[in-house]
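Beneath this line is the structure, given in structure tokens, with notes to follow.
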Amino acid sequence: MMDLLPMSRKTTALIIGLVILTAGLVALALRTGTAPSPAPQGPSVTAGPTVTPTPPAHTTLSFSPASLSLAPYTPGKVEIMMDTQDNPVTVVQLELSYDPKQLTNVRVTPGTLFSSTPSPIVNTTDLKTGRISYWIGDQPGQKPFTGQGVVATVTFTTTAASVTPVDLTLMKSSLVAARGIGPSVLKNTMDVILPITVTTAAVRTLPASGSGTTGTTTTR
């Protein structure tokens with residue numbers, strides 16, 4: 001028992017010494033180290049909903065005239081008008097559709113709007129499906145167009161008379177490009193339809209030559 005007491009005292013003293021040494025090392029580290037400065041706190045901002053700017057789509061496309069009435073097998077013509085409002089237009093892409101069984105010889109030619117353009121960029125017609133893609137734009141160095149004008153002229157020939165109007169459709173998939181604006185500036189959100197009424201020829205009564213009876217003639 002007498003030998004255990006001195007050993008216990010030695011152990012206690014050793015533990016106390018280690019604790020004192022550890023405390024000294026921690027104090028030394030705190031004095032020499034640099035504590036990070038707190039980040040500056042700015043004014044609190046409440047996050048709101050993300051707002052996507054709306055492109056200035058002010059340009060409209062339309063047919064002139066808005067409807068036609070023609071006899072069977074008769075040539076017809078209609079102009080595609082553009083009103084740009086404040087959009088500086090550089091290129092126009094027209095997508096048209098028609099029934100090839102009711103309209104034939106359908107052609108699209110440049111209007112007065114891009115009269116200085118030698119030829120359209122694209123001018124393709126699918127005679128089986130009745131689909132036309134027509135692209136036209138200004139030349140390098142030209143100023144963008146702003147205002148009203150004729151983009152293109154569509155000519156065609158009617159076929160036999162139809163009970164319902166024949167439709168020439170300017171599809172909403174058409175595009176109008178403007179300088180400095182990425183998306184299309186076309187305001188049309190629906191197809192523009194030109195109804196073409198194909199009626200039988202008018203009949204009038206005329207006196208028959210050389211007699212008092214009357215005859216009938218058909219005008220076309």
Side-chain angles (χ1 to χ4, degrees), residues 48-70 75-100 102-158 164-197:
T50 302
V51 179
T52 302
T54 303
H58 301 156
T59 302
T60 57
L61 294 172
S62 60
F63 286 115
S64 180
S67 62
L68 286 174
S69 181
L70 299 170
K77 182 178 76 172
V78 65
E79 294 176 334
I80 299 178
M81 307 294 298
M82 181 171 68
D83 186 353
T84 70
Q85 299 292 325
D86 57 347
N87 296 144
V89 171
T90 56
V91 178
V92 180
Q93 175 185 340
L94 302 177
E95 298 295 331
L96 299 161
S97 65
Y98 65 95
D99 186 349
Q102 296 178 314
L103 297 178
T104 59
N105 303 321
V106 182
R107 294 185 59 209
V108 183
T109 55
T112 57
L113 178 58
F114 296 104
S115 57
S116 59
T117 302
S119 59
I121 304 169
V122 175
N123 190 2
T124 60
T125 302
D126 190 327
L127 299 177
K128 293 182 178 180
T129 62
R131 285 292 304 273
I132 299 175
S133 290
Y134 182 88
W135 301 16
I136 194 167
D138 57 10
Q139 294 295 297
Q142 289 183 337
K143 293 183 178 179
F145 176 80
T146 302
Q148 299 180 358
V150 181
V151 178
T153 299
V154 184
T155 57
F156 53 86
T157 302
T158 60
T164 59
V166 178
D167 291 338
L168 176 63
T169 302
L170 177 62
M171 304 175 69
K172 63 181 180 182
S173 57
S174 301
L175 301 174
V176 177
R179 181 166 297 176
I181 304 174
S184 172
V185 295
L186 181 61
K187 190 176 180 180
N188 300 52
T189 58
M190 300 181 66
D191 295 342
V192 180
I193 298 175
L194 170 73
I196 305 170
T197 304

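When atom types are taken as modelled, the side chain of Asp86 and the backbone of His58 share no donor-acceptor pair closer than 3.5 angstrom. In this structure, Ser184 contributes its side chain and Ala177 its backbone to no donor-acceptor pair below 3.5 Å. Remark: the backbone N or O of Leu61 is paired with a side-chain donor or acceptor of Asn188 at under 3.5 angstrom.
For the atom pair Leu186 CG and Ser173 OG, the distance stands at 9.5 Å (nearest 0.5 Å). With rounding to the nearest 0.5 Å, the separation of OG in Ser97 from CD1 in Ile193 is 8.0 Å. Leu127 contributes atom CG, which lies 9.5 Å from atom CG of Asn105 (distance to the nearest 0.5 angstrom). To the nearest 0.5 angstrom, Thr90 atom OG1 is 6.5 Å from Arg179 atom CZ.
Contact record, Val78 with Ser64: CG2-O, 3.4 Å, taken as the closest heavy-atom pair. Closest of all the heavy-atom pairs between Gln85 and Thr146 is O-CG2, 3.2 Å. For Val151 against Leu113, the heavy-atom pair with the smallest separation is CG2-CD2, 3.7 Å. The two residues Pro120 and Trp135 have their closest heavy-atom pair at CB-O, 3.2 Å.
Side-chain atoms of Thr59 and Asn87 form a donor-acceptor pair, as typed in the model, at a separation below 3.5 Å. A donor-acceptor contact closer than 3.5 angstrom is absent between the side chains of Gln93 and Ser174.
For the side chain to side chain contact (heavy atoms under 4.5 Å, CB included) with Leu170, the lone residue among Leu194, Leu94, Asp191 that qualifies is Leu94. Looking at Asp83, Thr60, Thr84 one by one, the single match for side-chain hydrogen bond (donor to acceptor under 3.5 Å, both in side chains) with Gln148 turns out to be Asp83.
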Evaluate side-chain contact (heavy atoms from CB on, under 4.5 Å) for Phe156 paired with Ile196, printing each intermediate quantity in order.
CA-CA 11 Å; Phe156 53 86; Ile196 305 170; 3.6 Å; yes
Under the criterion side-chain contact (heavy atoms from CB on, under 4.5 Å), I'd like the reasoning laid out for Ile132 against Tyr98: C-alpha separation, chi angles, the key distance, then a yes or no.
CA-CA 9 Å; Ile132 299 175; Tyr98 65 95; 3.9 Å; yes
side-chain contact (heavy atoms from CB on, under 4.5 Å) between Val166 and Leu103, intermediate numbers included:
CA-CA 8 Å; Val166 178; Leu103 297 178; 3.7 Å; yes
Decide side-chain contact (heavy atoms from CB on, under 4.5 Å) for Phe63 and Ile80; before the verdict, give the C-alpha distance in whole Å, the side-chain angles of both, and the deciding distance to 0.1 Å.
CA-CA 5 Å; Phe63 286 115; Ile80 299 178; 3.9 Å; yes
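In this structure, the side chains of Phe145 and Asp138 stay at 4.5 Å or more apart for every pair of heavy atoms. Side-chain contact between Val154 and Leu96: present, with at least one pair of heavy atoms (C-beta onward) separated by less than 4.5 Å. Within the 4.5 Å cutoff, side-chain heavy atoms of Asp167 are placed close to those of Pro195. Looking at heavy atoms from C-beta onward, Ile181 lies in side-chain contact with Pro56 at the 4.5 angstrom threshold. Put simply, the side chain of Pro100 does not reach to within 4.5 Å of the side chain of Thr129, judged on heavy atoms.
A salt bridge is absent between Lys172 and Glu95: the closest approach of a Lys/Arg side-chain nitrogen to an acidic carboxylate oxygen does not fall below 4.0 angstrom.
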